[in-house]
Colleague: 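Quick one: structure below, then a few questions.
The chains referred to below are lettered A, B, ... by the order of the sequence lines, with proteins before strands, and numbering in each begins at 1. Just the heavy atoms: all of them, side chains too, but no hydrogens, waters or symmetry mates, feed the values below. None of the values given here were measured: they were computed from a predicted structure.
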Amino acid sequence: MIQIRDLDFQYHDSKFRLRVPEFHVARGSTVALVGPSGSGKTTILNLAAGILVPQQGQVVTNSVNLTELGEHQRRAFRITTIGLVFQEFELLEHLTVFDNILLPCRITGAIRLTAAHRERAAFLANDVGLGDKLDRHVGRLSQGERQRVAICRALLLEPPLLLCDEPTGNLDPGNKAHVLQILFDYVRRHRTTLLTVTHDHQLLPQFDETIDCQQFHELREVLR
Amino acid sequence: MKDLLYLAWRYLAYHRIKTAVLVASMTMIVYLPAGLNLLIGESADELTARAEATPLLIGAKGSPLELVLNSLYFDGDTPPTLRYAEAARIQQSGLADAIPIDARFRTRHSPIVGTTIDYFSFRGLQVAEGRRFHRLGECVLGSRAAQLARAGPGDALMSKPENVFDIAGVYPLKMHVVGVLHPTGTPDDHGVFVDTKTAWVIEGRAHGHADLDQPAEQANVLRREGDTIVANASVIQYNEITAENIESFHFHGDPESFPITAVLAVPHDDKSSTLLQGRYLGDQELVQVVVPAGVMRELLATVMTVQRYFVLGGIVLGGATLATMALVFTLSLQLRRREMDTLVKIGGTRLRLGALIATEILSVLGAGIVLAGGLSLATGWLAPLATRLLLQLS
């Protein structure tokens, strides 16, 4: 599902540098990205999503070479192919649960919001236990509930790849287990590929594979 | 576009206090100069129209503005009076038609205008209910005066005593309402129109009382001095003119010398107008002739100067408020930077996000402009009230 080869990436305003000789995530698998802070876990997620573009190397996601696409094409690819979940949820406080879930349809301009989308949003919310809170502003939800809204938003357009950046990082143990349960239930039911950044080593046995970003980090140190 | 409008609306509705403050600021920026311009403009038009419809005004020497305000708008201080004979003098000159105006008295709510039937024809006033006055003691109400007094034909209206503490003064006159005029949107709507003679009855120059030649009244007679009978205070004076007592009403003195506040002169042509004005140019002349349009233009020139300063102040204030609003929007955008980054990550383009922000800003500006438009409309409706205020201030 994701193939990164001979990648060299550097932020233009920082000394941070990431070199990834080989990185592979199989379709339908669940993969955890681990490593210390600053090892490039989030950067790899952003590269796989086409949000960032490497200076060198190839990033092929869902059989599409993102490094050959322009910004507009990468955006179109991202909308249809990738669901993103962030550690801080990144919900819009002024919108209700329902509107936050539907946000990808409203903000992209590439997808026309239909009754089917509304139905799916309601279905997803119901599926994660938020069916009775559709009209509630997200500011009035608990942390766990917010992350569930963020997951529903990521799943609205039924993406084959789910990229999660520490989705349980801000949650208490109860909510952590619940959110993870939701994610795993979904990806297994729909054979969705899941690539997740996590610091929580207790969760690792639940993933098919764990990739330690320390290796890219060590390489970076050598290069210095 | 529908989605952007929806998202913008949700954002503005959620931050309703901030939105309300911004919309109110925008409303004030637009409304203050525009509304003031409209208000002054409408009032000026109203004042000018009335003045221009009145060719010449003759009154006792004094303030021309006071004369115009009192005689045309039935407002402001009462000017010095002139003799009723002046009206006859103008009429006899053959240069103009003369309509006397006596606007010194009031009812509780409205000015009483003593005049002749010719005034109705000159101003084009039409009776909506009832008829014009024919007899002493009758009055016709302007539409607004009728509303304020809640009176119509068949009702009665009291004149207001000049001094309630003067027990020897003139009693208020109970006037019979015989008609109500169609609204005209002019000061005539506020008038209570009576015959000039009725105004003199209100002043006390004419009165009616029990016949002192009757045997029953002999006890009240103190002495007889030729044609004059002096009676004590127990003689009954009528404060209402009826069919039964109208014969008892009589004038003390020569009506030609009785006071009125102005004569409205309608010259037959431009030459007559010039000749008539020339007659009142002498230094010894106790009467002045004024062209109301000229007097009002002078007044409005002063008002316009003040208005310009207000508008200038409004523009400066508006500029400062706009700059503050721009700062608020900029700071708000900085605070929402993370939100914008998220929207880009989930598929929004910078262009579309720009359109979303623009929609929010334009919605606030648009709402402010629409509100300012509504307020300006309301100001237009309030212009007559503002005109009256303007007259009182002047």
Side-chain angles (χ1 to χ4, degrees), chain A residues 42 45-46 48-52 70-114 117 135-140 150 152-157 159 163 165, chain B residues 1-26 325-368:
Chain A
T42 301
L45 277 193
N46 286 337
I51 295 169
L52 297 175
E71 190 182 338
H72 181 73
Q73 290 163 308
R74 288 201 310 277
R75 186 180 71 89
F77 169 81
R78 195 159 64 243
I79 292 167
T80 53
T81 313
I82 297 168
L84 287 165
V85 180
F86 309 96
Q87 181 180 1
E88 300 288 344
F89 324 135
E90 309 297 354
L91 301 173
L92 268 57
E93 296 284 312
H94 56 273
L95 296 182
T96 60
V97 168
F98 191 57
D99 286 335
N100 262 294
I101 297 172
L102 287 173
L103 195 57
C105 290
R106 291 195 189 278
I107 200 63
T108 57
I111 297 162
R112 190 182 157 84
L113 178 63
T114 62
H117 290 121
D135 293 329
R136 192 170 291 188
H137 278 95
V138 292
R140 294 174 59 201
C152 291
R153 183 180 67 187
L155 299 178
L156 179 74
L157 300 174
L163 300 178
D165 192 354
Chain B
M1 191 62 201
K2 204 171 80 178
D3 290 328
L4 290 184
L5 276 173
Y6 179 80
L7 290 174
W9 162 246
R10 295 310 309 169
Y11 178 80
L12 295 174
Y14 186 75
H15 298 97
R16 54 179 73 90
I17 293 174
K18 185 177 96 175
T19 304
V21 169
L22 289 172
V23 168
S25 302
M26 190 61 208
M325 285 174 73
L327 184 70
V328 169
F329 282 122
T330 309
L331 289 175
S332 169
L333 273 182
Q334 283 182 5
L335 287 172
R336 296 171 69 188
R337 201 169 168 173
R338 190 164 160 175
E339 174 189 324
M340 296 298 146
D341 286 343
T342 304
L343 293 178
V344 168
K345 282 180 183 171
I346 64 174
T349 58
R350 295 279 171 199
L351 186 68
R352 193 155 170 86
L353 297 189
L356 174 63
I357 299 298
T359 307
E360 288 172 8
I361 294 173
L362 289 176
S363 299
V364 168
L365 301 186

Colleague: Run the numbers on Leu92(A) and Tyr11(B) for side-chain contact (heavy atoms from CB on, under 4.5 Å), then give the verdict.
Modeller: CA-CA 9 Å; Leu92(A) 268 57; Tyr11(B) 178 80; over 6 Å; no

Colleague: Under 4.5 Å, counting heavy-atom pairs only, tell me which of Leu91(A), Asp99(A), Thr96(A), Ile79(A) racks up the most with chain B.
Modeller: Asp99(A)

Colleague: In the structure I gave you, are the side-chain heavy atoms of Leu84(A) and Thr342(B) within less than 4.5 Å of one another anywhere?
Modeller: no

Colleague: So what's closer than 4.5 Å to chain B heavy atoms on Arg153(A): side chain, backbone, both or neither?
Modeller: side chain

Colleague: Check whether more than 12 heavy atoms from other residues, nucleotides or ligands sit under 6.0 Å from atom CD of Glu93(A), and answer yes or no.
Modeller: yes

Colleague: Could you tell me which portion of Leu12(B) (side chain, backbone, both or neither) has an atom closer than 4.5 angstrom to a non-hydrogen atom of chain A?
Modeller: neither

Colleague: How long is the gap from CZ on Arg106(A) to CG on Leu343(B), to the nearest 0.5 Å?
Modeller: 13.0 Å

Colleague: Answer yes or no: does atom CD1 of Ile17(B) have more than 12 heavy-atom neighbours from other residues, nucleotides or ligands under 6.0 Å?
Modeller: no

Colleague: List the steps, then state whether side-chain contact (heavy atoms from CB on, under 4.5 Å) holds for Lys345(B) with Arg75(A).
Modeller: CA-CA 8 Å; Lys345(B) 282 180 183 171; Arg75(A) 186 180 71 89; over 6 Å; no

Colleague: Report the C-alpha distance between Leu95(A) and Leu7(B) in whole Å, list the side-chain angles of each, state the deciding distance to 0.1 Å, and finish with yes or no for side-chain contact (heavy atoms from CB on, under 4.5 Å).
Modeller: CA-CA 8 Å; Leu95(A) 296 182; Leu7(B) 290 174; 3.9 Å; yes

Colleague: Mind checking whether Arg10(B) and His137(A) have side chains closer than 4.5 Å, heavy atoms only?
Modeller: yes

Colleague: Test side-chain contact (heavy atoms from CB on, under 4.5 Å) on Ile346(B) and Ile107(A); report intermediate values, then the result.
Modeller: CA-CA 8 Å; Ile346(B) 64 174; Ile107(A) 200 63; 4.2 Å; yes

Colleague: What distance separates His15(B) NE2 from His94(A) NE2, expressed to the nearest 0.5 Å?
Modeller: 7.5 Å

